[in-house]
Structures are given as C-alpha cells and as structure tokens.
Amino acid sequence: MAWPEALDRVLLTQAQLAAKVAELAEQLRQDYAGKTPVLIGILTGSFVFMTDLIRALAMDLTVDFMAVSSYEDATVSSGKVRLLKDCSHDISGRHVLIVEDIIDTGHTLEHIVQILRNRKPASLRICCLLDKPSRRRTEVAIDYVGFEIPDEFVVGYGLDFAEKYRNLPYVGILKEDAYKK
Ligand code: IMP
Ligand code: MG
C-alpha cells in the first residue's frame with residue numbers, strides 16, 4: 001500500500017485492527033447471547049469498522065445507520081451536532097448498540113444517545129473503535145472500547161480528513177502541518 005505524503009506514521013496496523021475486532025466481537029457475542037441486537041453505525045466514519053465487526057459476529061442482529069453532522073472539514077469539534085439521517089428501524093424495546101469510529105469530545109455521542117434513549121430501547125450501549133480520553137468534554141459512558149489513543153488526528157479505516165483517507169486499511173496519524181495552517 002502506498003504511503004500517503006500527509007501521514008506521519010501508522011498507529012494501528014491491519015493485523016492489530018483485525019485482532020481487536022475479533023476480541024470485541026467475542027465479548028459482544030457473549031453479552032448479547034440469546035438477543036437480536038440492533039447495531040447502529042454512525043456514518044460515515046464507522047462504516048469500515050461496522051462491516052468488519054458484523055462479519056465477526058456469529059449471531060442474529062439487525063444493521064442500521066444514522067448520520068449526524070460533525071466536524072465539517074475541520075479538526076476541531078464545534079460542539080454542535082445535527083441529525084442528517086435517522087435510523088430506519090423502530091428501536092423501542094430493542095437492544096441497541098451504537099457503533100462509532102472514534103470518540104473525541106463526546107458531543108456527537110451524547111447527542112445520539114439522547115435521541116435514541118427517548119425511543120425507549122430495552123438497552124442502549126456504545127461500542128467505539130478508538131477513544132481519545134484526554135479530549136473528553138462530556139460524561140458519556142463507553143461500554144466497549146477498541147483502543148485508547150493519544151490526542152493526535154488519525155485517519156484511515158473509515159476515518160477521514162476532509163473526506164480523504166477513509167479507504168486506508170490501517171489507522172495512521174496525520175502530519176500536523178497537513179491540517180494546522
Ligand atoms: P466528538 O463529537 O468530538 O466526540 O467527535 C466525534 C467525531 O469526530 C467522530 O465521529 C469523527 O467523525 C470525528 N473525529 C474526531 N477525532 C477524529 C480524528 O482524529 N480523525 C478523524 N475524525 C475524527
Ligand atoms: Mg469525520
């Protein structure tokens with residue numbers, strides 16, 4: 001795979017990501033045994049993680065997606081989140097698992113949790129591939145975390161910078177001068 005000029009280094013390799021997805025899937029399979037959870041991926045960033053995660057989950061489940069506005073081509077959260085696309089299923093009485101790529105300030109997830117909780121799901125949990133705990137500005141509790149990462153801007157495996165690099169099969173750290181002008 002070519003090395004994009006804007007990348008400083010690889011943070012998580014394809015092998016590390018695959019091993020973590022398998023580990024998370026095994027935990028989820030145990031925790032949701034006998035249930036048919038609804039997995040709601042938050043677009044766009046979570047779509048790669050979601051497709052790998054569901055294929056590692058040997059159990060009945062429902063796949064759904066929601067889209068909210070987030071950084072709008074910047075690397076700093078505005079704290080404002082707008083619902084762009086709602087999920088398609090009625091989640092009342094269902095076991096809902098939010099699947100997110102990364103939690104930074106937590107504003108995005110806090111907003112989504114609020115929307116979904118109002119619909120009275122049987123349970124509501126969060127599965128996040130990446131967590132930047134040092135950046136948290138909210139108290140949203142994450143039930144399943146793939147990796148805690150340092151406060152650096154990462155791309156790849158679904159994550160973008162200005163809509164680029166989502167298709168990298170690994171997670172890389174962007175050079176600071178690629179986004180700080
Ligand atoms: P939060 O609302 O600050 O928690 O931001 C969460 C959203 O911001 C994620 O769903 C990502 O779309 C985006 N985001 C946060 N940090 C990064 C990063 O390092 N790389 C790419 N996107 C990020
Ligand atoms: Mg994004």
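Here the structure is a predicted model, which is why all the values come from computation and not from measurement. Note that ligands are numbered from 1 as they come in the structure, with each ligand's atoms numbered from 1 the same way.
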Expected list for residues 138-146: side-chain donor-acceptor pairs under 3.5 angstrom, two or more places apart:
{"residue": "Thr138", "atom": "OG1", "partner": "Thr105", "partner atom": "O", "Å": "3.1"}
{"residue": "Asp143", "atom": "OD2", "partner": "Ile126", "partner atom": "N", "Å": "2.8"}
{"residue": "Tyr144", "atom": "OH", "partner": "Asp31", "partner atom": "OD2", "Å": "2.6"}
{"residue": "Tyr144", "atom": "OH", "partner": "Arg125", "partner atom": "NH1", "Å": "2.9"}

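- A perpendicular orientation is assigned to the rings of Phe161 and Phe153, their planes being inclined by more than 60° (bins at 30° and 60°).
- Ligand 1 does not have Val155 within reach: every non-hydrogen atom of the residue lies 4.0 Å or more from it.
- Looking at Glu100 against ligand 1, only its side chain comes within 4.0 Å, counting heavy atoms.
- For the 3.5 Å distance criterion, the side chains of Gln114 and Glu110 fail to qualify, holding no donor opposite an acceptor.
- Smallest separation of non-hydrogen atoms from Ala122 and Gly93: CB-O, 3.4 Å.
- Residue contacts with ligand 1 do not include Arg135, since none of its heavy atoms lies under 4.0 Å from the ligand.
- Distances from atom 2 (O) of ligand 1 to the heavy atoms of Asp101, Thr44, Thr108 show the closest one on Thr108.
- A side-chain N or O of Arg94 and one of Thr62 form a donor-acceptor pair less than 3.5 Å apart.
- Under the 4.0 angstrom criterion for non-hydrogen atoms, Ile42 is not in contact with ligand 1.
- Listed by number with element, the atoms of ligand 1 under 4.0 Å from a non-hydrogen atom of Lys132 are 16 (N), 17 (C), 18 (C), 19 (O).
- Inter-residue side-chain proximity for Met50 and Phe65 is flagged as met; some heavy-atom pair is nearer than 4.5 Å.
- At least one N/O-N/O distance between Gly106 and ligand 1 falls below 3.5 Å.
- Close approach to Glu152 involves these atoms of ligand 1, each under 4.0 Å from a residue heavy atom: 19 (O).
- Ile112 and Leu129 fall into different hydrophobic clusters, where Ile, Leu, Val, Met, Phe, Trp and Tyr side chains are chained together by heavy-atom contacts under 4.5 Å.
- Under 4.0 angstrom from ligand 1, the non-hydrogen atoms of Ile102 come from both its backbone and its side chain.
- Asp52 has its side chain within reach of Arg55: a pair of non-hydrogen atoms, C-beta onward, lies under 4.5 Å apart.
- Taking any N or O of Val154, backbone or side chain, at least one lies under 3.5 Å from an N or O belonging to ligand 1.
- Using a non-hydrogen distance threshold of 4.0 Å, Arg136 does not register as a contact of ligand 1.
- Taking a cutoff of 4.0 Å between a charged side-chain nitrogen and a carboxylate oxygen, Lys175 and Asp8 do not qualify as a salt bridge.
- The contact set between ligand 1 and Thr105, taken as ligand atoms under 4.0 Å from a residue heavy atom, comprises 1 (P), 2 (O), 3 (O), 4 (O).
- Ligand-side atoms of ligand 1 in range of His107: 2 (O), 4 (O), range being under 4.0 angstrom from any heavy atom.
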